[in-house]
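Okay, structure first, notes after.
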2 protein chains.
Amino acid sequence: MKIARQEARTDMKNRPETGAAAPTFMPLYEQIKTLILRGLQEGEWRPGQAIPSEHDLAGRFRVSQGTVRKAIDELAAEHLLVRRQGKGTFVASHKEPRMQYRFLRLMPLQGEPEYPDSRLLECRRARASSEVARLLELKPGDGVVFLRRILLFKGEPTVADDIYLPGTIFRGLTAEIFNEYRGSLYNLFEMEFGTRMIRADENIRAVPADAEVALLLRVPRGTPLLCVDRVAYSYGDRPVEFRRGMYRTDRHCYRNTLS
Amino acid sequence: MKIARQEARTDMKNRPETGAAAPTFMPLYEQIKTLILRGLQEGEWRPGQAIPSEHDLAGRFRVSQGTVRKAIDELAAEHLLVRRQGKGTFVASHKEPRMQYRFLRLMPLQGEPEYPDSRLLECRRARASSEVARLLELKPGDGVVFLRRILLFKGEPTVADDIYLPGTIFRGLTAEIFNEYRGSLYNLFEMEFGTRMIRADENIRAVPADAEVALLLRVPRGTPLLCVDRVAYSYGDRPVEFRRGMYRTDRHCYRNTLS
DNA sequence: TAGTGGTCTAGACCACACG
DNA sequence: GTGTGGTCTAGACCACTAC
């Protein structure tokens, strides 16, 4: 819990750790950010729970409240924490409704957004292909958990997902667990496996439906579909999911905001 | 240049304008944000130019530097301003290289990102259809400027864009202006027409290439393409462009980050 | 009434760019 | 050296929530 500013008092410079080894400037609030991040990563505070008040953290870290405040501000901007005036600061969770649409960008062309139903088709252990291994930073042949599922909007099959998860983390995942769970998959992951998805990269292409997917989505073979390849990351930019989603876009579209 | 906090000194509450009419709380820095935004919108400071220093603005608005700082922080987070330590705060511009890829999400499947060449196929006056009018908040039949262009990566035609612009703003746009310009279209818009795109919403679907687009992109009819419908907004959420882009995704993909 | 986050201030000092 | 943004502090007060 000791941080560099203790030394900084004397030499008036904030440097990481020892205050002399690294030549780069590291602001105090960055160090506080790192400490809070560590608490999140190690599960000291769990999703949905409150972290200590700014005043408490300032005392614990021996810095001013304003410095803690700036650290929390940035973590809140990254959606890792959620501030609630008068109540406290909370660890972000995929249970909150506002989180749902950040990782599901499919919107109906007409009408209001709606939650899809999920139907699991397959759940088994497998070996990582070279592609999956590369994306998840595993070795080819490492154990993975493979899921195949369908998302249905108003009963219409709309998305077919193939999902690959590192076996070391998700060893215990079974069809039973999946089916007993209500809420999003990422909510299940954070509740049952202590792994929170905080960011994802998606690569989107247009491809013709092959025979298998055509059957699942009930469209003719060759129908243009969105092919959405996603790698999702947890704390520390650790990749913990690869999924390939095939999206029907006759009644929905992928919505994105550029800014 | 007078703001509500002058009154706030007495009643210790910051309220918009008169300090009594509106029942909602409006922080000082929000009011400063609005004032800076007005300067941007009215062209008091132009893209690429520096705005006054925090110290100057604090004096001008009669608030502390910290309050100006918070206002600028938020505008910088929205990419309307760019801070440069030691130099000043600058109006964001589409001329900066880092801006380019914020509004062009097409990346090569292999290899480094590259800038496309642009080829104008058509530039004419037209009347807004009901769909275009709705999206641009015009009346059906209002004058619009229509552009059709191709983007080529390494000489390969990859994107076909149909672009609709409000006639009132872009009346003077001609093929000559377009062709003489190097740099992005949005750079041209902000330089020649004083209109800066600051945000855009995109709706993405997978569609088969029709005969016309197939010819332009040199693909067989029916080839799956991304259809990207974009509405771009300027200051004050004013829609100022609608474009429909058809993207080949055999060598490129649309890249997106969820967070 | 107490505790939380949110706003605002005033001032000191640091890092960076430029002449 | 001067001016810019960046960090950090200490303290006052406001708005919101809960008890």
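Letters A, B, ... mirror the listed sequences (proteins, then strands); counts begin at 1. On a predicted model such as this, the values are computed, not experimentally measured, just so you know.
The nucleotide whose nearest atom lies closest to any side-chain atom of B:Tyr29 is, among C:dG5, C:dT7, D:dG5, C:dT7. With distances taken from any side-chain atom of A:Thr67 to the nucleotides C:dC8, D:dG6, D:dT9, the minimum falls on D:dT9. The listed nucleotides are D:dT7, C:dG5, C:dC8; the one nearest the side chain of A:Arg69 is C:dG5. Comparing atom distances between the A:Ser53 side chain and each of C:dG5, D:dC8, D:dT7 picks out C:dG5 as nearest. Nearest nucleotide to the side chain of A:Thr89, out of C:dT7, C:dG5, D:dT9: C:dG5.
Between the C1' atom of C:dG3 and the CZ atom of A:Phe90 lies a distance of 12 Å, rounded to the nearest Å. Look at CZ on B:Arg83: it is 4 Å from P on D:dG6, rounded to the nearest Å. Rounded to whole angstrom, the span from the CG atom of A:Leu75 across to the P atom of C:dG5 amounts to 14 Å. Per the geometry, CD belonging to A:Gln85 stands 12 Å off P belonging to D:dA18, to the nearest Å. Taking atom NZ of residue A:Lys33 and atom P of nucleotide D:dG6, one finds them 15 Å apart after rounding to whole Å. The CZ-P distance, from A:Phe61 to D:dC8, rounds to 14 Å in whole Å. The distance from atom CG of B:Leu57 to atom C1' of D:dT4 is 12 Å, rounded to the nearest whole Å. For B:His55 and D:dG6, the NE2 to C1' distance is 16 Å, given to the nearest whole Å.
Under the side-chain hydrogen bond (donor to acceptor under 3.5 Å, both in side chains) test applied with B:Asn256, the options A:Asn256, A:Asn203, A:Asp201 reduce to a single match, A:Asn256. The one candidate from A:Phe189, A:Tyr186, A:Tyr233 that meets the ring pair (Phe, Tyr, Trp, His ring centres under 6.0 Å) condition with A:Phe103 is A:Tyr186.
Nearest-nucleotide positions on DNA chain D for A:Gln65 and A:Lys87 put A:Gln65 closer to the 5' end.
Within a 6.0 Å radius of NE2 in A:His79, other residues, nucleotides and ligands contribute more than 12 heavy atoms.
Interatomic distance, A:Leu135 CG to A:Phe242 CZ, rounded to the nearest 0.5 Å: 5.5 Å.
Here the side chain of B:Glu96 pairs a donor or acceptor atom with the backbone of B:Ser93 at under 3.5 angstrom.
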